[in-house]
Trainee: 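Below are the structure tokens for one structure; questions will follow.
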Amino acid sequence: MDKIQSIKGTHDILPYESEKWKDLEDIIYKTCDLFGFKEIRTPIFEKTNLFLRGIGEVTDIVSKEMYSWQDRDGSNLTLRPELTASVVRSYIQHNLKNQSSSQRLFYMGPLFRRERPQKGRQRQFHQFGVEAFGSENPEQDVEIISIAWHLLSLLGISNKVQLKINSIGSNECRKNYRKALLDFIKPNFNLLSEVSKVRFEKNPLRILDTKNPKEITILSDAPKISDYYTNEDKTHFQTILKFLGCLNIPYNIDLGLVRGLDYYTRTVFEFTSNSLGAQDALLGGGRYDNLVQDLGGKVVPGIGFAAGIERLLLILEAEKYNFKKHTPDIYFICIEQNAIQVMLSLSKKLREKNYIVVFDLLRRSLKAQMREANRFKVRYVLIIGQEELAHKKVTIKDLQKKVQYSYNQSDLFDFFNFKINS
Ligand code: HAM
């Protein structure tokens with residue numbers, strides 16, 4: 001019979017890898033705790049409209065990459081392609097604004113985008129992200145960037161990433177800039193790619209995101225958004241840069257950075273890494289001061305970022321990050337069927353004291369079980385054979401010190417409390 005394979009662009013996370021995920025997740029939880037961020041978990045699927053209104057209809061994500069379907073009752077549903085819109089929906093739905101005027105939230109989980117799979121780009125991938133609501137002050141922007149920096153520093157990879165930052169200005173700034181950009185591009189409209197022609201009509205700022213060399217040349221003399229900042233935009237951006245300086249967080253201003261989602265206002269940023277290859281964006285985010293209102297809530301400013309977990313792991317692998325080893329403490333070998341009960345009850349007691357105990361379930365030979373104990377890299381092997389069973393003893397092999405002891409089964413605990421804690 002044919003074997004059923006996983007879907008292209010999706011991956012199994014096998015036991016050896018899931019230990020690394022767990023390590024990384026622990027560090028993420030610790031970082032979020034340090035900044036007072038609380039976890040939010042939202043459903044994997046939502047009404048399609050949420051993403052149309054939240055992310056923007058002409059973005060790549062919404063126009064090409066969503067997994068959407070019509071449900072049996074006729075409603076249009078979508079597997080979430082990102083989490084900011086979902087978090088904002090939940091924030092509005094549960095009146096989180098009433099609980100506290102500033103909300104700090106984080107999340108981790110799977111997302112779905114129908115992109116062409118390649119290294120660091122999957123159709124089901126995972127993000128860790130943070131979203132903060134309530135403050136439009138620059139210290140809020142810097143707090144968000146600091147979380148990313150703190151995490152990357154804890155992981156020892158802050159020197160392997162580059163922070164690119166830009167301000168795409170307030171609504172007023174973008175309105176004026178949009179007009180200037182359209183006037184500039186209009187004479188060259190026919191030279192634009194089909195994608196940029198659509199963007200010209202719907203969201204001309206996104207044309208700045210082009211990777212097309214011909215368009216990059218056309219745009220080299222385009223007006224700069226920084227010339228259209230209001231005084232408040234300028235002060236906001238300058239203050240962020242000053243605060244980043246105080247925290248010794250290195251950055252590069254990138255006036256071409258606009259990001260691929262339509263909800264951003266003012267600050268946008270990305271951490272990229274050369275270790276990632278073509279898909280070099282590790283983490284991206286920005287401010288979205290209109291989104292809560294656009295999705296039916298009050299006027300509440302917000303800002304956040306999301307990092308790809310798979311991409312974080314790619315960098316950690318490339319940098320030979322020292323993941324925690326999850327080895328068992330004890331491998332229990334029973335070579336006498338009548339002793340299985342003793343092994344089960346001693347193992348239970350050891351586990352009650354938090355020792356990780358594994359044993360063979362295939363009733364294999366002593367040699368085969370020793371081979372497995374070595375493969376697991378355990379420190380202690382306990383053996384009960386005929387001799388031990390007859391005298392209520394256990395043989396203890398310390399594989400690290402290469403010594404062997406014989407202990408009464410009733411004294412086994414003393415041995416471990418004494419030995420492992422020493
Ligand atoms: P994004 O830039 O679309 O932003 O995604 C953030 C990160 O998710 C990327 O930098 C990348 O590491 C990872 N990522 C995206 N697509 C894929 C993929 N197909 N395969 C693997 N990893 C991927 C957002 O999603 C915004 N919601 C971020 C945000 C939060 N802005 C404000 N708050």
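Atoms within a ligand are numbered from 1 in the order they appear, just like the ligands themselves.
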Trainee: What is the nearest protein non-hydrogen atom to atom 8 (O) of ligand 1, stated with its residue, atom name and distance?
Mentor: Gln127 NE2, 3.0 Å

Trainee: Can you tell me the protein heavy atom closest to atom 11 (C) of ligand 1 and the distance?
Mentor: Arg311 NH1, 3.4 Å

Trainee: Which residue supplies the protein heavy atom nearest to atom 13 (C) of ligand 1, what is that atom called, and how far is it?
Mentor: Gly308 CA, 3.7 Å

Trainee: Is Asp398 close to Arg379 at the side-chain level, that is, under 4.5 Å between some pair of heavy atoms?
Mentor: yes

Trainee: Give yes or no for whether the N/O distance cutoff of 3.5 Å, strictly under, is met between Tyr107 and ligand 1.
Mentor: no

Trainee: May I ask you to test the Asp329-Asn354 pair for a side-chain heavy-atom distance under 4.5 Å?
Mentor: no

Trainee: In terms of atom number and element, which parts of ligand 1 are under 4.0 angstrom from non-hydrogen atoms of Gly120?
Mentor: 20 (N), 21 (C), 22 (N)

Trainee: Look at atom 32 (C) of ligand 1 and say which protein heavy atom is nearest, naming residue and atom and giving the distance to 0.1 Å.
Mentor: Gly304 O, 3.2 Å

Trainee: Quick one: does Arg259 get within less than 4.0 Å of ligand 1, heavy atoms only?
Mentor: yes

Trainee: Give the intermediate values and the outcome of salt bridge (Lys or Arg N to Asp or Glu O under 4.0 Å) for residues Arg199 and Asp60.
Mentor: CA-CA 11 Å; Arg199 287 178 175 169; Asp60 286 349; 3.6 Å; yes

Trainee: Does the pair Arg375/Glu372 count as a salt bridge with the N-to-O cut at 4.0 Å?
Mentor: yes

Trainee: Give a yes/no verdict on a cation-pi contact between Lys197 and Phe189, requiring under 6.0 Å between NZ or CZ and the six-membered ring centre and an angle within 45° of the axis.
Mentor: yes

Trainee: For ligand 1, which part of Tyr263 has a heavy atom less than 4.0 Å away: the side chain, the backbone, both, or neither?
Mentor: side chain

Trainee: If you have a sec, work out which protein heavy atom is nearest atom 14 (N) of ligand 1 and how many Å separate them, to one decimal?
Mentor: Phe125 CE1, 3.5 Å

Trainee: Is there a heavy atom in Gly129 that sits closer than 4.0 Å to ligand 1?
Mentor: no

Trainee: Using a strict 4.0 Å threshold on nitrogen-to-oxygen distance, state whether Arg287 and Asp141 make a salt bridge.
Mentor: yes

Trainee: Can Glu82 and Arg113 be counted as an ion pair, charged N to O under 4.0 angstrom?
Mentor: no

Trainee: Which ligand 1 atoms, with their elements, are less than 4.0 angstrom from a heavy-atom of Gly285?
Mentor: 31 (N)

Trainee: Numbering the atoms of ligand 1 from 1, which are under 4.0 Å from a heavy atom of Glu131?
Mentor: 30 (C), 32 (C), 33 (N)

Trainee: For Leu283, take its heavy atoms, then give the atoms of ligand 1 lying under 4.0 Å from any of them.
Mentor: 10 (O)

Trainee: In the protein, which heavy atom is nearest to atom 20 (N) of ligand 1, and how far is it?
Mentor: Gln122 N, 2.9 Å

Trainee: Would you name the heavy atoms of Lys202 and Arg178 that are closest together and state the gap between them?
Mentor: O-NH1, 3.8 Å

Trainee: I need the single residue from Tyr380, Phe416, Phe415, Phe413 that forms a ring-ring contact (aromatic ring centres under 6.0 Å, His included) with Tyr355. Which is it?
Mentor: Phe416

Trainee: Please check if the number of heavy atoms outside Asp73 that lie under 6.0 Å from its CG is greater than 12.
Mentor: yes

Trainee: To the nearest 0.1 Å, how far is atom 9 (C) of ligand 1 from its closest protein heavy atom, and which atom is that?
Mentor: Ala281 O, 4.0 Å

Trainee: Which heavy atom of Asn166 sits nearest to which heavy atom of Leu255, and what is that distance?
Mentor: ND2-O, 3.2 Å

Trainee: Can you sort out which atoms of ligand 1 are near Glu82, meaning under 4.0 Å from one of its heavy atoms?
Mentor: 25 (O), 26 (C), 27 (N)

Trainee: Using a 4.0 Å heavy-atom cut-off, which part of Glu310 comes near ligand 1: side chain, backbone, both, or neither?
Mentor: neither

Trainee: Taking it one step at a time, do Asp26 and Lys30 satisfy salt bridge (Lys or Arg N to Asp or Glu O under 4.0 Å)?
Mentor: CA-CA 6 Å; Asp26 285 349; Lys30 182 175 160 198; over 6 Å; no

Trainee: Under 4.0 Å, heavy-atom basis, I'd like to know which part of Tyr264 is in contact with ligand 1: side chain, backbone, both or neither.
Mentor: side chain

Trainee: Ion pair present between Arg266 and Asp289, side-chain N to carboxylate O less than 4.0 angstrom?
Mentor: no

Trainee: Pick one of side chain, backbone, both or neither for how Gln279 approaches ligand 1, counting any non-hydrogen atom pair under 4.0 Å.
Mentor: neither

Trainee: Which bit of Glu115 is near ligand 1, meaning a heavy atom under 4.0 Å away: side chain, backbone, both or neither?
Mentor: side chain

Trainee: Would you mind telling me if ligand 1 is within reach of the side chain of Ile303, the backbone, both or neither, using heavy atoms under 4.0 Å?
Mentor: neither

Trainee: Check each heavy atom of Leu282 against ligand 1 and say whether those closer than 4.0 Å belong to the side chain, the backbone, both or neither.
Mentor: backbone

Trainee: Walk me through whether Tyr288 and Tyr263 qualify under ring pair (Phe, Tyr, Trp, His ring centres under 6.0 Å).
Mentor: CA-CA 6 Å; Tyr288 45 86; Tyr263 48 62; 5.7 Å; yes

Trainee: Using ring centroids (six-membered ring only for Trp), state whether Phe332 and Phe359 fall under 6.0 Å.
Mentor: no

Trainee: Find all atoms of ligand 1 within a distance of less than 4.0 Å from any non-hydrogen atom belonging to Gly284, and give their numbers and elements.
Mentor: 10 (O), 28 (C), 29 (C)

Trainee: Could you tell me whether Val130 and ligand 1 have an N or O pair separated by under 3.5 Å?
Mentor: no

Trainee: Are any of the N or O atoms of Arg121 closer than 3.5 Å to those of ligand 1?
Mentor: no

